[in-house]
K.L.:
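Handing you this structure, nothing more for now.
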Amino acid sequence: MSARVAAVTGANRGIGRAIAVGLAATGFTVAASARDPASLADTVAEAGKAGGTAVPLACDVRDEASVAAMAAQAQALGPVHAVVANAGVAGPTRPLQEITLADWRDTLATDLDGVFLTFRAFIPAMIERRGGSLIAISSMTGKRPLLGRTPYAAAKMGVIGLVRTLATELGPYSIRVNVVCPGPVAGPRIDEVIRKQAAARGITEERARAAFTGASPLGRLVEAREVAAACAFLASDDSAAVTGEDLNVAAGVVMY
């Protein structure tokens with residue numbers, strides 16, 4: 001296997017799969033994880049077709065022991081140079097007063113605590129080696145409102161704050177920490193978001209979809225491969241001077 005390893009959580013579908021395949025194509029051996037490792041079969045196959053290697057691992061990012069076990073398995077493959085904390089859930093789409101504490105906590109446990117646990121598991125080895133790239137996946141919703149999505153927005157904004165502070169902490173060890181903020185990414189997940197937004201706003205799905213594409217100067221959604229390309233750049237030596245950044249891949253929907 002390659003001497004350069006990248007770990008990607010939530011690598012079984014959507015953005016996570018695209019990131020894992022993209023990193024494998026650039027020469028990383030990818031420790032690809034998901035709650036159900038059997039769900040990673042397509043990721044492993046696509047990585048192979050791209051000329052790379054992805055190793056399927058089980059990981060529930062809400063569980064400290066599960067994350068620690070995944071990190072140990074990933075590090076057994078070789079030095080982990082890049083970590084992409086991608087695993088996430090959409091959470092509920094309801095007014096705040098109708099959201100249960102359980103739903104709130106479940107969203108933050110995956111979308112914010114999961115980033116903390118994932119990064120924490122890999123930092124000691126990176127400090128010892130004095131180098132590495134930590135990449136979190138946030139969202140444009142961490143920067144702008146989205147009706148009914150307060151737990152998700154709070155978690156994603158929290159990820160941005162975590163990354164900026166951690167970049168300051170780890171800079172002396174030549175460890176870079178960045179966050180990618182995707183806009184609406186074409187695929188089943190945004191289709192579900194659009195359905196729920198339509199229901200919450202009392203409008204048609206067509207109008208709800210137009211609200212996303214119409215907010216983009218490019219008039220379109222984002223492709224998963226475009227988010228993956230941003231992660232590949234941040235994982236590479238080409239981004240050696242980039243840390244503490246939140247990189248929008250949002251077709252211009254957010255510009256800050």
Side-chain angles (χ1 to χ4, degrees), residues 1-11 16 19-20 22-24 26-35 37 40 52-88 108-138 155-156 158-180 230-247:
M1 291 187 179
S2 169
R4 289 172 62 87
V5 177
V8 182
T9 64
I19 293 168
L23 290 174
T26 66
F28 283 99
T29 292
V30 178
S33 65
R35 293 182 192 177
L40 292 158
T53 300
V55 179
L57 302 175
C59 182
D60 183 342
V61 298
R62 301 169 298 178
D63 182 83
E64 185 175 10
S66 179
V67 174
M70 177 275 291
Q73 290 175 298
Q75 289 164 339
L77 298 172
V80 177
H81 289 263
V83 176
V84 184
N86 165 76
L108 268 70
T110 303
D111 293 355
L112 182 55
D113 296 355
V115 176
F116 157 68
L117 290 173
T118 299
F119 282 177
R120 192 184 66 171
F122 288 96
I123 286 171
M126 287 186 171
I127 288 176
E128 183 177 354
R129 198 173 60 249
R130 300 191 70 83
S133 176
L134 299 172
I135 304 162
I137 303 301
S138 180
K156 294 302 187 180
V159 168
I160 295 171
L162 183 158
V163 161
R164 289 175 177 171
T165 303
L166 190 59
T168 303
E169 291 181 9
L170 296 179
Y173 304 101
S174 299
I175 299 169
R176 298 179 296 104
V177 192
N178 293 286
V179 57
V180 175
C231 291
F233 166 69
L234 292 173
S236 75
D237 294 338
D238 290 337
S239 61
V242 180
T243 195
E245 293 292 339
D246 47 288
L247 174 60

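Computed from heavy atoms alone, side chains included, the values below leave out hydrogens, waters and symmetry copies.
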K.L.:
Using 0.5 Å steps for rounding, measure from the CD atom of Q73 to the CG atom of L57.
P.N.:
5.0 Å
K.L.:
Could you report the tightest heavy-atom contact between L40 and A34, atom names first, then the distance?
P.N.:
CD1-N, 3.8 Å
K.L.:
List the atom of P172, the atom of T168, and the distance in Å for their closest heavy-atom pair.
P.N.:
CD-O, 3.7 Å
K.L.:
Name all residues meeting the side chain to side chain contact (heavy atoms under 4.5 Å, CB included) criterion together with S66; count only those two or more places apart in sequence or in a different chain, and write none if there are none.
P.N.:
C59, D60, D63
K.L.:
Are any side-chain N or O atoms of S138 and backbone N or O atoms of I160, one a donor and one an acceptor, separated by less than 3.5 Å?
P.N.:
no
K.L.:
What residues form a side chain to side chain contact (heavy atoms under 4.5 Å, CB included) with A87, not counting sequence neighbours?
P.N.:
T9, V61
K.L.:
Tell me, please, which residues at least two apart from A136 pass side chain to side chain contact (heavy atoms under 4.5 Å, CB included).
P.N.:
V115, F119, V159, V163, V179
K.L.:
How would you list all residue pairs meeting salt bridge (charged side-chain N to carboxylate O under 4.0 Å, His left out) that involve residues 164-176, not counting sequence neighbours?
P.N.:
R164-D246
K.L.:
Look at the side chain of N178 and the backbone N and O of G244, then say whether any donor-acceptor pair between them is shorter than 3.5 Å.
P.N.:
yes
K.L.:
Does L162 offer a backbone N or O that forms a donor-acceptor pair with the side chain of T165 under 3.5 Å?
P.N.:
no
K.L.:
Report yes if some heavy atom in the side chain of V30 is under 4.5 Å from a heavy atom in the side chain of V55; otherwise report no.
P.N.:
no
K.L.:
Using side-chain contact (heavy atoms from CB on, under 4.5 Å), reason through I175 and I127 one step at a time and then give a plain yes or no.
P.N.:
CA-CA 7 Å; I175 299 169; I127 288 176; 3.8 Å; yes
K.L.:
Nearest 0.5 Å please: distance from the OG atom of S236 over to the NE2 atom of H81.
P.N.:
13.0 Å
K.L.:
Mind checking the CD1-CZ spacing from I135 to F233? Nearest 0.5 Å is all I need.
P.N.:
10.0 Å
K.L.:
Before giving the answer on side-chain contact (heavy atoms from CB on, under 4.5 Å), spell out for V8 and S33 the whole-Å C-alpha distance, their side-chain angles and the decisive distance to 0.1 Å.
P.N.:
CA-CA 6 Å; V8 182; S33 65; over 6 Å; no
K.L.:
Looking at side-chain heavy atoms only, is the closest gap between L166 and I123 below 4.5 Å?
P.N.:
yes
K.L.:
Could you measure the distance from the CZ atom of F122 to the OG atom of S133? Nearest 0.5 Å is fine.
P.N.:
12.5 Å
K.L.:
Go through it in stages, so that I can follow the logic: the residues are Q75 and V5, the test is side-chain contact (heavy atoms from CB on, under 4.5 Å), and I'd like the CA-CA distance, side-chain angles, deciding distance and then a yes or no.
P.N.:
CA-CA 8 Å; Q75 289 164 339; V5 177; over 6 Å; no
K.L.:
Could you tell me whether the side chain of K156 and the main chain of I137 form a donor-acceptor pair under 3.5 Å?
P.N.:
yes
K.L.:
Quick one: salt bridge (charged side-chain N to carboxylate O under 4.0 Å, His left out) partners of D113, sequence neighbours excluded?
P.N.:
none
K.L.:
Would you give the length of the straight line joining atom CG of L23 to atom OG1 of T53, rounded to the nearest 0.5 angstrom?
P.N.:
12.5 Å
K.L.:
Dump the intermediate steps for side-chain contact (heavy atoms from CB on, under 4.5 Å) on L234 and V242, then the final yes or no.
P.N.:
CA-CA 8 Å; L234 292 173; V242 180; 4.0 Å; yes
K.L.:
Compare every heavy atom of T110 with every heavy atom of G88, then report the nearest pair and how far apart it is.
P.N.:
CA-CG2, 3.7 Å
K.L.:
Keeping to residues at least two apart or across chains, list the salt bridge (charged side-chain N to carboxylate O under 4.0 Å, His left out) pairs with something in residues 114-130.
P.N.:
E64-R120
K.L.:
Please enumerate all residues that pass side chain to side chain contact (heavy atoms under 4.5 Å, CB included) together with A167, with sequence neighbours excluded.
P.N.:
V177, T243
